[in-house]
Structures are given as C-alpha cells and as structure tokens.
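Single-structure report; data block below.
Read the numbers this way: they start at 1 and go in the same order the structure lists the ligands and their atoms. Just so it is clear, the structure is predicted and the values come from calculations on it, not from any experiment.
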Amino acid sequence: MVIKPKVRGFICTNAHPVGCAASVNEQIEYVKSLGDLGEGPKNVLILGCSTGYGLASRIVSTFGYGAKTLGVCFEKPPTERKTGTAGWYNTAAFHQFAGQAGIYAHTLNGDAFSNELKQQVIEQLKANMGKVDLVIYSLASPRRTDPETGEVYKSTLKPVGQDYKTKTYDTDKDLIHEVELEAANEQEIADTIKVMGGEDWELWLAALADADLLADNCKTTAYTYIGKELTWPIYGQATIGKAKEDLDRAASAITNSLKDKNVKAYVSSLKALVTQASSAIPVMPLYISLIYKVMKQEGTHEGCIEQIAGLFSEKLLQDDPQTDDMNRLRMDGKETNDATQAKIKQLWDQVTQENFHELSDYAGYHHEFLKLFGFDIDGVDYEQDLDPLVEW
Ligand code: NAD
C-alpha cells in the first residue's frame with residue numbers, strides 16, 4: 001500500500017508506519033542528546049502513552065532514565081486495507097526501539113476508564129514490573145463510560161457563562177472567519193468534568209494503592225493547559241477549563257489520601273502544541289500558528305519532547321519542586337509571559353484572510369500536524385509500497 005495523508009477537517013484518517021517510526025526516533029534521539037539526566041523513576045505507568053505528551057513522557061522515562069514502562073492507550077490496529085492509527089504505529093516503533101535498547105516495555109490497548117483495563121494493568125504490574133514510582137495521566141478523550149453505571153458522558157468545547165464570538169481559522173477551507181460559540185449549559189459543564197476532570201485519575205491511584213502497587217514516595221501528574229486571555233474564553237474559563245480545575249481538586253485529594261506512602265500528585269501545566277487533541281479545539285489552530293511564529297522568533301519554541309524532558313528534570317522529579325499558588329508545576333512560562341502574549345495579541349488583532357500566511361507560522365503548524373500522522377518527514381519515502389500490518 002502506498003500511503004498518502006487523508007485529511008478530513010481537523011483529523012487525518014490514516015497514518016504512515018515508517019513516518020511514525022521516524023518521528024518517535026527523532027524524539028528518542030533528542031532525549032539521548034541531553035546526556036545523563038541523573039536519578040529518575042524505575043517503573044512508570046503511562047496512561048495515554050501513544051501520542052502527544054503521553055508518548056513524550058514514555059520516551060523520556062525510557063531513554064532518559066532507563067525506566068521500565070507499562071503504557072495504556074486506545075488505538076486502532078491496522079487491517080490489510082486500512083492503516084492503523086498513528087498511536088498504534090508510534091507504539092510499535094517505541095517497542096522496537098526500547099527492545100533494541102534492552103529496556104522493558106509493555107502496552108495495553110483498551111479503555112483506560114474501564115474497571116477491566118485497570119484490573120489488567122494490576123495483573124500486568126504484579127507479574128512483570130512490581131510497584132510503580134511514577135504514574136503519568138495523559139488521557140485526552142471526547143467521551144468516557146462511567147465504569148460503575150455504564151453511562152456514556154461526552155465532553156464539549158464551549159464557553160461558560162456567555163456566548164463568545166471570536167476569530168478562527170478553518171484549516172480545510174484555508175479561511176479566517178468569525179465563529180459564535182454558544183455557552184454551555186450546566187449539564188454540558190458537568191459532563192465535560194466527568195470526562196476530562198480528575199475522577200478517573202483518582203480511581204487509578206486508588207486501584208493501584210489497593211493492590212499495593214504504589215512505591216513509597218511515588219509521584220503522579222496529570223497534564224493541563226492554562227493559557228492566557230486569548231484562549232481563556234474557549235479553554236481556561238470554558239468547559240474544558242472547568243474539567244481541568246477539577247484536576248487541582250483531585251491532585252490534593254490523591255496526595256491527602258495516600259499520605260502514608262508519601263505519594264505526591266501534581267497537575268503540570270504545559271504549553272499549547274499541535275496534537276490530535278488540540279487540533280480539535282476551535283480557535284487553537286489559529287492561536288498555535290501565531291505562537292509558533294512568535295516563539296520561533298524568540299528562540300523559545302518547544303515540542304512535546306522538550307517540554308516533558310524539562311518537566312521531569314526541572315520539576316516533577318525534584319524533591320521539593322517549585323510550584324505555583326495552586327501547587328501546580330508550570331512549564332508554560334515561555335508562552336504565557338506578558339511580553340510574549342503581547343506580541344501574540346498584536347498579531348491576533350491584525351490577522352486577516354489576506355495576511356494570515358504572512359503573519360502566522362501556519363506552514364509550521366501544518367507540518368507538525370501532518371507529522372503527527374507520520375507524514376511530511378524528511379528522509380521518508382512516501383512512494384514506497386508498504387505493508388500496513390505492523391504489530392508490537
Ligand atoms: P493526544 O490526543 O495526543 O493523546 C491522548 C492519549 O490518550 C493517546 O495516547 C490516546 O490513545 C489516549 N486515550 C484516549 N482515550 C483513551 C481511553 N479511553 N483509554 C486509553 N487511552 C486513551 O493528546 P495530548 O494533546 O497529548 O493531551 C494529553 C494531555 O495533555 C491532556 O490532558 C491535554 O489536555 C494535556 N495538554 C495538552 C496540550 C496541547 O496543546 N496539546 C497542552 C497542555 C496540556
């Protein structure tokens with residue numbers, strides 16, 4: 001099969017196995033180039049391990065600290081006629097590279113919100129890894145089935161309190177236009193908290209504690225995006241932001257309930273980046289295209305792997321890390337500082353259909369978007385006839 005990108009709106013419906021492997025390898029090489037990262041975790045559980053920030057967390061754990069990893073993801077395997085998802089191919093490539101390096105890795109593909117998957121993780125840890133000293137919670141999902149009631153909750157991406165009119169960029173039509181986003185109702189807010197809030201993170205830590213699989217001094221983190229004024233109406237102060245606030249509640253609940261083991265739970269705030277999750281959020285493609293422009297000019301542009309390598313070594317793995325007033329670990333300062341935000345705001349106010357490609361780094365955004373699915377990567381032969389069936 002010759003595999004070319006099939007982009008539909010904000011998603012690409014296929015993926016390139018060789019390109020995904022190249023992108024995973026690039027992240028591994030970056031981590032190796034950092035040299036000795038010092039003492040780190042030995043046994044890491046990564047929930048949402050196959051793409052974006054979770055994959056980067058797995059790569060840093062493995063190739064930065066030599067840790068064994070158990071990963072959980074929800075990806076579609078390939079068939080003879082259809083490629084697998086990017087996360088499937090990323091995971092296959094990760095296993096190949098970890099195997100070559102002689103570092104243990106195992107991945108379970110299934111619904112992390114379910115009791116069954118939690119049980120499988122517990123059995124897997126008992127059989128092959130033992131207690132974990134780091135748990136990364138990096139799930140991004142539009143829906144969650146409550147494991148007790150079977151009810152399916154869907155998240156929404158809507159403002160809270162009032163409707164919101166703003167600029168956005170339609171990546172399909174190459175069009176800057178105004179959108180009016182309708183305010184969420186109470187039910188939609190509650191449902192989004194149910195999907196993307198802290199409840200499932202707490203359930204995971206409780207299940208691991210009950211099974212005596214948390215090492216003393218274990219750390220755990222869930223990822224958030226806080227942003228600034230430009231994104232607050234659709235993110236920070238919107239439905240997803242309400243869910244993220246619930247992570248702050250969950251972090252202190254986890255730390256309090258597992259005091260006897262000195263478990264520390266943190267919410268880590270990361271910068272905005274192109275991932276499968278962020279490209280689905282209205283306004284984000286425009287905002288990210290502008291921050292890429294500004295941050296590349298400032299020399300502060302970073303991808304998932306740079307953010308996570310920095311998070312681990314500068315904050316998360318420190319004994320007493322510096323936190324903000326909500327006890328969060330902040331890696332978003334290079335994006336959210338006032339001077340950078342002022343430059344982005346200036347571009348935001350100026351941007352029109354005519355000058356969009358000149359003022360923004362949409363070319364960079366689009367390249368990163370295609371790269372998520374293994375496309376547009378130097379050195380990969382996209383004319384090659386490939387077998388899409390790749391296993392791990
Ligand atoms: P992503 O879409 O790249 O990754 C999501 C991961 O979750 C994948 O591994 C996927 O397989 C897994 N997953 C989804 N549903 C699952 C399920 N039911 N069971 C098991 N696995 C499941 O997303 P991302 O952008 O890396 O986001 C990860 C976290 O980082 C999210 O909490 C997000 O809010 C946060 N974050 C993202 C950004 C950004 O700009 N992308 C910025 C800051 C924080």
Side-chain angles (χ1 to χ4, degrees), residues 10-12 15 20 23 27 45-59 70-77 84-91 94 107-118 120-121 136-147 152-155 157 192 195-198 200-201 204 221-227 231 235-236 238-241 243-247 250 267-281 283-285 287-288 291-292 302-305 307-308 311 328-332 335-336 365 368-369 371-373:
F10 57 76
I11 193 81
C12 179
C20 287
S23 155
Q27 296 191 56
L45 172 63
I46 297 129
L47 305 163
C49 66
S50 54
T51 54
Y53 278 123
L55 173 63
S57 306
R58 189 174 205 182
I59 290 173
L70 175 57
V72 175
C73 59
F74 204 26
E75 301 294 344
K76 277 213 183 79
T85 50
W88 179 275
Y89 291 135
N90 289 340
T91 305
F94 172 83
T107 303
L108 294 168
N109 191 38
D111 182 7
F113 297 127
S114 69
N115 290 334
E116 292 73 25
L117 206 288
K118 290 185 175 73
Q120 282 178 38
V121 162
I136 302 292
Y137 192 85
S138 188
L139 299 180
S141 174
R143 70 187 69 79
R144 171 175 172 226
T145 304
D146 184 299
V152 180
Y153 293 87
K154 287 190 182 146
S155 63
L157 295 163
T192 306
V195 179
M196 288 295 286
D200 183 59
W201 184 26
W204 268 105
T221 186
Y223 296 144
T224 192
Y225 178 69
I226 294 172
T231 52
Y235 201 107
T239 45
I240 180 76
K244 295 295 188 184
E245 275 171 22
D246 189 58
L247 291 178
V267 173
S268 300
S269 182
L270 303 168
K271 81 180 277 271
L273 276 175
V274 188
T275 64
Q276 294 186 41
S278 68
S279 44
I281 301 173
V283 181
M284 276 307 198
Y287 175 76
I288 293 175
I291 67 166
Y292 276 18
E302 287 181 332
C304 287
I305 197 73
Q307 279 272 293
I308 297 297
L311 173 73
R328 292 177 296 221
L329 305 176
R330 302 294 294 257
M331 289 303 292
D332 52 1
E335 172 192 337
T336 56
Y365 177 95
E368 292 295 331
F369 174 79
K371 200 172 161 191
L372 295 177
F373 305 92

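At least one donor-acceptor pair under 3.5 Å links the side chain of Ser278 to the backbone N or O of Leu273. With Lys76 contributing its side chain and Gly87 its backbone, the two residues share no donor-acceptor pair below 3.5 Å. When atom types are taken as modelled, the side chain of Lys244 and the backbone of Gly197 share no donor-acceptor pair closer than 3.5 angstrom. Within the 3.5 Å criterion, the main-chain N or O of Pro142 finds a donor-acceptor partner in the side chain of Ser155. Judged by distance alone, with hydrogens and angles left aside, the side-chain atoms of Glu75 form no donor-acceptor pair with the main-chain N or O of Gly84 at under 3.5 Å. In this structure, the side chain of Gln276 does not engage the main chain of Leu372 through any donor-acceptor pair within 3.5 Å.
Of all protein heavy atoms, the one closest to atom 4 (O) of ligand 1 is Thr51 OG1, 3.0 Å. Residue, atom and distance of the protein heavy atom nearest to atom 27 (O) of ligand 1 are Ala140 CB, 3.8 Å. Remark: minimum distance from atom 26 (O) of ligand 1 to any protein heavy atom is reached at Tyr53 N, 2.8 Å. Remark: minimum distance from atom 24 (P) of ligand 1 to any protein heavy atom is reached at Thr275 OG1, 3.8 Å. Given atom 12 (C) of ligand 1, the protein heavy atom at minimum distance is Gly48 CA, 3.7 Å. Among all protein heavy atoms, the one lying closest to atom 16 (C) of ligand 1 is Phe74 CB, 3.5 Å. Annotation: atom 23 (O) of ligand 1 to nearest protein heavy atom, Ala277 CB, 3.5 Å. At the top of the distance list for atom 35 (C) of ligand 1, counting protein heavy atoms only, stands Tyr223 CB, 3.8 Å.
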Q: Test Leu55 against Gln27 for side-chain contact (heavy atoms from CB on, under 4.5 Å), laying out the working first.
A: CA-CA 9 Å; Leu55 173 63; Gln27 296 191 56; 4.0 Å; yes

(Q) Assess the residue pair Asp111 and Glu116 against the criterion (side-chain contact (heavy atoms from CB on, under 4.5 Å)); give the C-alpha distance rounded to whole Å, side-chain angles, the decisive distance to 0.1 Å, and a yes or no. (A) CA-CA 8 Å; Asp111 182 7; Glu116 292 73 25; over 6 Å; no

Q) Do Ile136 and Tyr53 pass the side-chain contact (heavy atoms from CB on, under 4.5 Å) test, and can you show the C-alpha distance, the side-chain angles, and the key distance before you say yes or no? A) CA-CA 10 Å; Ile136 302 292; Tyr53 278 123; over 6 Å; no

(Q) Between Phe373 and Ile11, does the side-chain contact (heavy atoms from CB on, under 4.5 Å) criterion hold? Intermediate values first, please. (A) CA-CA 9 Å; Phe373 305 92; Ile11 193 81; 4.2 Å; yes

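To the nearest 0.5 angstrom, Phe10 atom CZ is 9.0 Å from Phe369 atom CZ.
Ligand 1 has no nitrogen or oxygen under 3.5 angstrom from a nitrogen or oxygen of Val72. Taking any N or O of Thr224, backbone or side chain, none lies under 3.5 Å from an N or O belonging to ligand 1. For a threshold of 3.5 Å applied to N or O pairs, the pair formed by Asp111 and ligand 1 contains at least one separation below that value. Inclusion of Ala272 in the set of residues having an N or O under 3.5 Å from an N or O of ligand 1 is not warranted. At a 3.5 angstrom cut-off on N or O pairs, Phe113 does not count as close to ligand 1. Considering backbone and side-chain atoms together, Met196 places no N or O closer than 3.5 Å to any N or O of ligand 1. Polar contact with ligand 1: absent for Tyr225 (N/O pair, distance under 3.5 Å).
Between Leu139 and Gly48 the shortest heavy-atom distance is CD2-N, 3.5 Å. Shortest non-hydrogen contact noted between Asn90 and Ser50 is ND2-O, 2.9 Å.
Residue Ser141 approaches ligand 1 through these ligand atoms, each under 4.0 Å from one of its heavy atoms: 15 (N). Each of the following atoms of ligand 1 lies closer than 4.0 Å to a heavy atom of Lys244: 31 (C), 32 (O), 33 (C), 34 (O). Of all atoms in ligand 1, listed by their number and element, those nearer than 4.0 Å to a heavy atom of Ser50 are 8 (C), 9 (O), 10 (C), 11 (O). Every atom of ligand 1 with a heavy atom of Gly52 under 4.0 Å away is listed here by number and element: 3 (O), 26 (O).
Residue contacts with ligand 1: Gly110 is included, with a non-hydrogen atom under 4.0 Å away. For the ligand labelled ligand 1, residue Arg144 lies outside the 4.0 Å heavy-atom shell. The shell of residues lying under 4.0 angstrom from ligand 1, judged by heavy atoms, includes Cys49. Using a 4.0 Å cutoff on heavy atoms, Tyr235 counts as a contact of ligand 1.
The backbone of Lys271, and not its side chain, has at least one atom closer than 4.0 Å to an atom of ligand 1 (non-hydrogen atoms only; backbone = N, CA, C, O). Looking at Glu75 against ligand 1, only its side chain comes within 4.0 Å, counting heavy atoms.
Checked by atom type, the side-chain pair Thr221/Ser268 shows a donor-acceptor distance below 3.5 Å. A side-chain N or O of Glu335 and one of Tyr225 form a donor-acceptor pair less than 3.5 Å apart.
The heavy atom nearest to atom 6 (C) of ligand 1, considering only Ser138, Ala86, Ser114, is found in Ser138.
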